[in-house]
Amino acid sequence: MMQPLPTGGLWMLLVLAVLIMGSGLPVWALLIGTASAFAAGGWVAGVIDARVLSAISGRTLGLLEHDLLQALPLYVFVGVLLQRLTVADALFSSLARLFRWTGAGTSVAAFGVGALVAPMNGSVASSSAMLARLVAPRLGRLNAAAATALISVSSTIGVVVPPSLVLILLGDAMLRAHTEASNLPGFVLGSQRIINTQDVFHAALLPAACVLVLWLLVAWWQGRKFHEPQTAEPVSAAQWAVSAVAALAIVLLLGGVFAGKVFAVEAAATGAVALVLATLSTRSLSGTQWMAVLSDTLNLSGALLALLVGASTFSLVFRLWGSDVWITQQVMASPLSPLVTAALVLLLVALCAWVLDAFEMIFVIIPIIAPPLITRLGDAQQTAVLLLLVLQLSFLIPPMGYAVMMARSRSGLLATSIWRTLRALLPYIAVQCAITAMVFLAPWTVHQLDAPLPAVSDEAPLSTQDLDQQMRDMADQAGTPDDGKKP
């Protein structure tokens, strides 16, 4: 076998990027096709051992048995069902009436629905579809650029607000990345431990809260420039009740997952069952509509799982070329300071996220980039939050930003120029950049909700001789009868 050629994996990434932007084919198919072509080329060139490729089936089965990924279809189901129920409509109407006194009730309500529903909605695309159907027709008094900006930012809230599906998947990816980083030369784990999904939830909450509060102020500031209608939309007692119950249920479920009292699978299942029971009791959907919900759920879940399988195959071939080791070596050997190197890596992540969605980033790019980035920053939780904020920022930069593209194509609003949309998005982007800089320069901001470290005993540790003596004493006691007599 020849030595691995690191440039092979880089050419894989380049070919994949060109195909994604130019072919229009499903990304999962492009991932598997590109990986298969380069695996065959590597085998012919004597770089890749074909026997190693047999690990793909085992990797796929391991992914499907993962308890976190079992929550994926449930989150998708909840998102699809919410698009067809009147729960979000009731929430929007109630919030618009409740905050009408601010002079921007419609904008505040749109943002509030996004904040409440997005973490349970599963993805940016699902949130954008729901907000486009629900909010866009009611934003007629906003200009098209401001309305597009509002829908775009509201649909990305689930990227940073725990415990959304994006955060769950990123937490799992960061656990593996932190484990890899701990084995890299020069990285000292010290008193830290390998982070888990709960640690990512806790780290993301304070920066996410800052983003939400500041974005809400921007939405209010932009919305109050346009006069609210004199006659408010009436809200029935039933809508108030549905809104209160839905908001309370969402907060309790998400809070339970965040606090570690409920697993993500349990929360998704509970939300799905509650929605199904409420829908059946009120007969909100017909049999045909139920079939459409289940069909959409299967299609979207299948697409995400296929994307996961494709990414797993792609990453295996990428590693067989030795490109992941080469990238890590380049980052570790950078002559620049650790912070400057980390900033350049985050810029590369932002460029990738400009053309890929959150799941493609988490499954393909982050497993490659995260381990060396952790070594440069020295803090896995800070790295996870920075990756989330950078992903969210890239989704909001037109014309390729994923959230902006979804809002412009699905909202049905009047077409507006990219520059006007960018002007409307600039205050939101400025907030995002400020919070990202805060987390980058002040890592302590992600550790305010960390669980306390276990107390360290003041007693000196036992010596080897003392430990051996205690073991002999315990063995003697175990061999002595209870009556104290020799057997």
Side-chain angles (χ1 to χ4, degrees), residues 92 95-96 99-116 118 124 127-128 131-132 135-136 138-161 204 206-228 346-347 350-351 353-354 358 385-386 388-408 410-411 413-442 445:
F92 180 87
L95 289 174
F99 291 99
R100 187 176 173 227
W101 61 272
T102 63
T106 303
S107 299
V108 172
F111 190 82
V113 170
L116 283 172
V124 173
S127 297
S128 181
L131 291 170
V135 176
R138 307 184 188 188
L139 294 177
R141 291 182 175 271
L142 281 175
N143 64 43
T148 301
L150 181 59
I151 293 174
S152 299
V153 299
S154 299
S155 66
T156 66
I157 291 175
V159 175
V160 294
V161 174
L206 181 58
C210 294
V211 169
L212 284 182
V213 170
L214 294 175
W215 274 5
L216 180 59
L217 291 175
V218 173
W220 166 78
W221 175 69
Q222 289 189 345
R224 66 191 296 269
K225 295 180 180 179
F226 305 92
H227 297 292
E228 293 281 318
L346 289 172
L347 178 60
L351 292 174
W354 203 43
V385 176
L386 284 172
L388 287 170
L389 293 171
V390 168
L391 287 180
Q392 190 179 30
L393 176 61
S394 296
F395 295 159
L396 294 176
I397 299 178
M400 298 295 293
Y402 187 69
V404 179
M405 289 179 60
M406 291 292 102
R408 286 170 61 86
R410 295 185 176 187
S411 64
L413 295 168
L414 293 175
T416 183
S417 69
I418 293 296
W419 293 112
R420 290 191 176 186
T421 304
L422 180 59
R423 279 188 61 187
L425 283 165
L426 276 179
Y428 298 103
I429 293 174
V431 166
Q432 192 76 8
C433 291
I435 300 300
T436 304
M438 178 188 75
V439 173
F440 186 78
L441 298 174
T445 55

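The analysis underlying the following values was restricted to heavy atoms, covering all of them including side chains, and did not include hydrogens, waters or symmetry mates. For reference, positions follow the sequence shown, starting with 1. These numbers come from a predicted model, not from an experiment.
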Minimum-distance pair of heavy atoms, taken over all atoms of Trp215 and Tyr428: NE1-O, 3.1 Å
Heavy-atom closest pair, residues Ala407 and Ser152: CB-OG, 3.3 Å
Under 3.5 Å donor-acceptor, Trp354 side chain and Ile397 backbone: yes
Minimum heavy-atom distance Thr445-Ala442, with the two atoms named: OG1-O, 2.8 Å
Value rounded to 0.5 Å, distance of OG in Ser394 from OH in Tyr402: 14.5 Å
For Arg420, all residues meeting side-chain contact (heavy atoms from CB on, under 4.5 Å), sequence neighbours excluded: Ala145, Thr416, Ser417
Set of side-chain hydrogen bond (donor to acceptor under 3.5 Å, both in side chains) partners for Gln392, sequence neighbours left out: Thr156, Gln432
Thr102 backbone acceptor or donor facing Trp220 side chain under 3.5 Å: yes
Set of residues satisfying side-chain contact (heavy atoms from CB on, under 4.5 Å) with respect to Leu217, sequence neighbours excluded: Leu214
Ala219 to Leu150 - nearest heavy-atom pair and separation: CB-CD1, 3.9 Å
side-chain contact (heavy atoms from CB on, under 4.5 Å) against Leu95, all qualifying residues, sequence neighbours excluded: Phe99, Ala109, Val113
Partners passing side-chain contact (heavy atoms from CB on, under 4.5 Å) against Leu422 (at least two apart in sequence or in another chain): Pro398, Trp419, Leu426, Ile429
For Pro427 against Gln222, the heavy-atom pair lying closest together: CG-NE2, 3.9 Å
Contact summary for Ile157 and Gly114, nearest pair of heavy atoms: CD1-C, 3.9 Å
CG-CG distance between Leu386 and Leu393, expressed to the nearest 0.5 angstrom: 11.5 Å
Rounded distance (nearest 0.5 Å) linking atom CG of Leu346 with atom CG of Leu389: 10.0 Å
